[in-house]
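Counting from 1, the numbers follow the sequence of the chain as shown.
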Amino acid sequence: MVQTKKQKYLFLAFCLVPTFIMFSIFTLYPLFSGLYYSFFEWSGASNTREFVGFDNYIELFNDEVIPATIWHDYFLVATKVIGIMIMALFIAVALTQLKIKEAPFYRIVFFFPNIMSVVVIGILWMFIYNPSLGLVNSGLEVIGLEEWTRPWLGSETWALPSLVLPSIWAGIGLFMLLLMGGISNISKSYYEAAKIDGANEWQQFWKVTLPLIWPQIKISILYIVITTLNGSFIIVQVMTGGGPNNSTHVMGSYLYQQAFTQYNFGYGATIGVMILVLSLITVVLLQLLLRKERVEY
């Protein structure tokens with residue numbers, strides 16, 4: 001059907017305007033509101049706000065907890081990227097290349113944590129780490145390693161590393177499916193040609209599979225980094241609440257504590273601005289580091 005220029009513009013407006021309105025309400029408005037409130041001292045509940053200029057930002061740079069929260073966030077980013085990508089890549093290759101009969105069942109098993117609420121996952125792993133009844137300490141006792149048992153979430157040394165395992169477990173399934181989709185699209189002729197050239201399975205993985213699924217790997221890494229910097233506070237809030245002694249506070253959980261527990265909403269907004277800036281810088285740097293020529297096939 002032939003459309004006039006006006007009809008085309010109306011159709012584009014019909015598609016784009018509602019999306020832009022929703023984006024403005026749920027993204028742009030909170031973003032600029034947070035930036036605005038960061039210049040005020042406000043409890044978040046009163047009708048009066050006191051303009052303090054850059055005082056909140058000065059307090060941010062002098063806050064001793066902030067460097068620790070940044071370190072904790074990037075510790076979770078690094079461990080999640082390494083852990084999730086290794087496990088997801090291993091499982092994806094195994095389920096697509098080894099011709100396992102039960103592959104559909106394993107896909108469901110590994111993807112199942114992704115459909116669970118983060119709150120449910122946090123509570124589940126709190127029971128697993130329970131010092132008296134948890135599977136971790138009970139398992140160590142069964143195999144004769146009683147000296148290794150400890151209050152995992154109550155230890156300043158082990159509380160943060162203890163959050164890594166549930167975070168990795170909860171994230172493997174999604175990226176496994178993403179990588180499986182990339183591997184499934186690789187033509188079998190490339191592997192056949194590699195075999196003829198004398199390449200073993202390990203060489204085929206490095207020379208054929210890995211380069212051809214690099215776009216999926218890059219997207220996965222960026223997604224893990226963004227969601228960790230902006231969403232890791234949920235599992236922290238559920239499992240440790242930032243304790244013991246601030247040893248697991250990430251930027252998001254510290255923001256929540258300042259804004260909604262201590263009613264220092266202006267300072268909480270300032271922390272939110274910091275999270276935004278660090279996230280943008282991290283993503284830009286990763287884009288540069290992960291930049292690679294696209295492999296055509």
Side-chain angles (χ1 to χ4, degrees), residues 68-95 106-180 217 220-254 256:
T69 63
I70 296 173
W71 155 247
H72 297 161
D73 253 317
Y74 282 97
F75 173 81
L76 291 176
V77 165
T79 52
K80 283 179 67 175
V81 167
I82 294 170
I84 291 176
M85 292 311 300
I86 289 176
M87 292 300 298
L89 191 56
F90 173 78
I91 296 169
V93 172
L95 296 182
Y106 289 124
R107 290 181 191 178
I108 296 173
V109 170
F110 288 117
F111 185 74
F112 183 74
N114 285 92
I115 65 175
M116 297 173 63
S117 165
V118 178
V119 175
V120 173
I121 291 172
I123 294 172
L124 172 64
W125 280 86
M126 285 176 64
F127 283 106
I128 292 174
Y129 283 129
N130 187 284
S132 303
L133 306 173
L135 292 176
V136 176
N137 281 353
S138 300
L140 291 172
E141 291 173 358
V142 167
I143 61 178
L145 296 175
E146 291 88 353
E147 66 275 9
W148 286 22
T149 60
R150 63 201 69 221
W152 299 95
L153 298 178
S155 167
E156 291 186 26
T157 304
W158 289 99
L160 184 64
S162 297
L163 299 177
V164 174
L165 195 56
S167 300
I168 292 174
W169 178 74
I172 290 174
L174 175 63
F175 303 104
M176 172 200 71
L177 292 181
L178 181 62
L179 295 175
M180 286 180 68
I217 292 175
S220 299
I221 292 173
L222 290 173
Y223 186 82
I224 293 169
V225 170
I226 293 170
T227 53
T228 302
L229 290 176
N230 292 277
S232 60
F233 77 93
I234 303 175
I235 200 162
V236 170
Q237 199 67 28
V238 172
M239 295 185 68
T240 64
N245 195 26
N246 295 327
S247 61
T248 59
H249 258 315
V250 293
M251 293 181 286
S253 63
Y254 192 53
Y256 182 88

Please answer whether the main-chain N or O of Ser132 pairs with a side-chain N or O of Asn130 as donor and acceptor at a distance below 3.5 Å.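 Yes: the side chain of Asn130 pairs with the backbone of Ser132.
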In Å and rounded to the nearest 0.5 Å, what is the [atom1] to [atom2] distance from [X] to [Y]?
X      : Y      : atom1 : atom2 : result
Ile123 : Ser117 : CD1   : OG    : 8.0 Å
Asn114 : Met116 : CG    : CE    : 10.5 Å
Leu160 : Ser155 : CG    : OG    : 11.0 Å
Thr69  : Met251 : OG1   : CE    : 6.0 Å
Asp73  : Ser253 : CG    : OG    : 8.0 Å
Phe110 : Met180 : CZ    : CE    : 10.5 Å

Write down the atom of [X], the atom of [Y], and the distance for their closest heavy-atom approach.
X      : Y      : result
Val250 : Phe233 : CG2-CA, 3.7 Å
His72  : His249 : ND1-O, 2.7 Å
Gly243 : Ala159 : O-CB, 4.4 Å

Are side-chain heavy atoms of [X] and [Y] found at a separation under 4.5 Å?
X      : Y      : answer
Trp169 : Leu124 : yes
Phe175 : Ile217 : no
Ile235 : Gln237 : no
Met239 : Ser162 : no

So does Trp158 have more than 12 non-hydrogen atoms from other groups sitting under 6.0 Å from CH2?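 No, the 6.0 Å shell around CH2 holds no more than 12 heavy atoms from other groups.
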Taking atom OH of Tyr223 as the centre, does the number of heavy atoms from other residues, nucleotides or ligands within less than 6.0 Å exceed 12? no
Residues Val238, Val118; criterion side-chain contact (heavy atoms from CB on, under 4.5 Å); working and verdict: CA-CA 9 Å; Val238 172; Val118 178; 5.8 Å; no
For a quick test of your reading: what N or O donor-acceptor pairs under 3.5 Å do the side chains of residues 77-95 make, sequence neighbours left out?
residue: Thr79; atom: OG1; partner: Phe75; partner atom: O; Å: 2.8
residue: Thr79; atom: OG1; partner: Leu76; partner atom: O; Å: 3.2
residue: Lys80; atom: NZ; partner: Thr228; partner atom: OG1; Å: 3.1

Can you tell me how the ring of Trp152 sits relative to the ring of Tyr129, calling it parallel under 30°, perpendicular over 60° and tilted otherwise? tilted
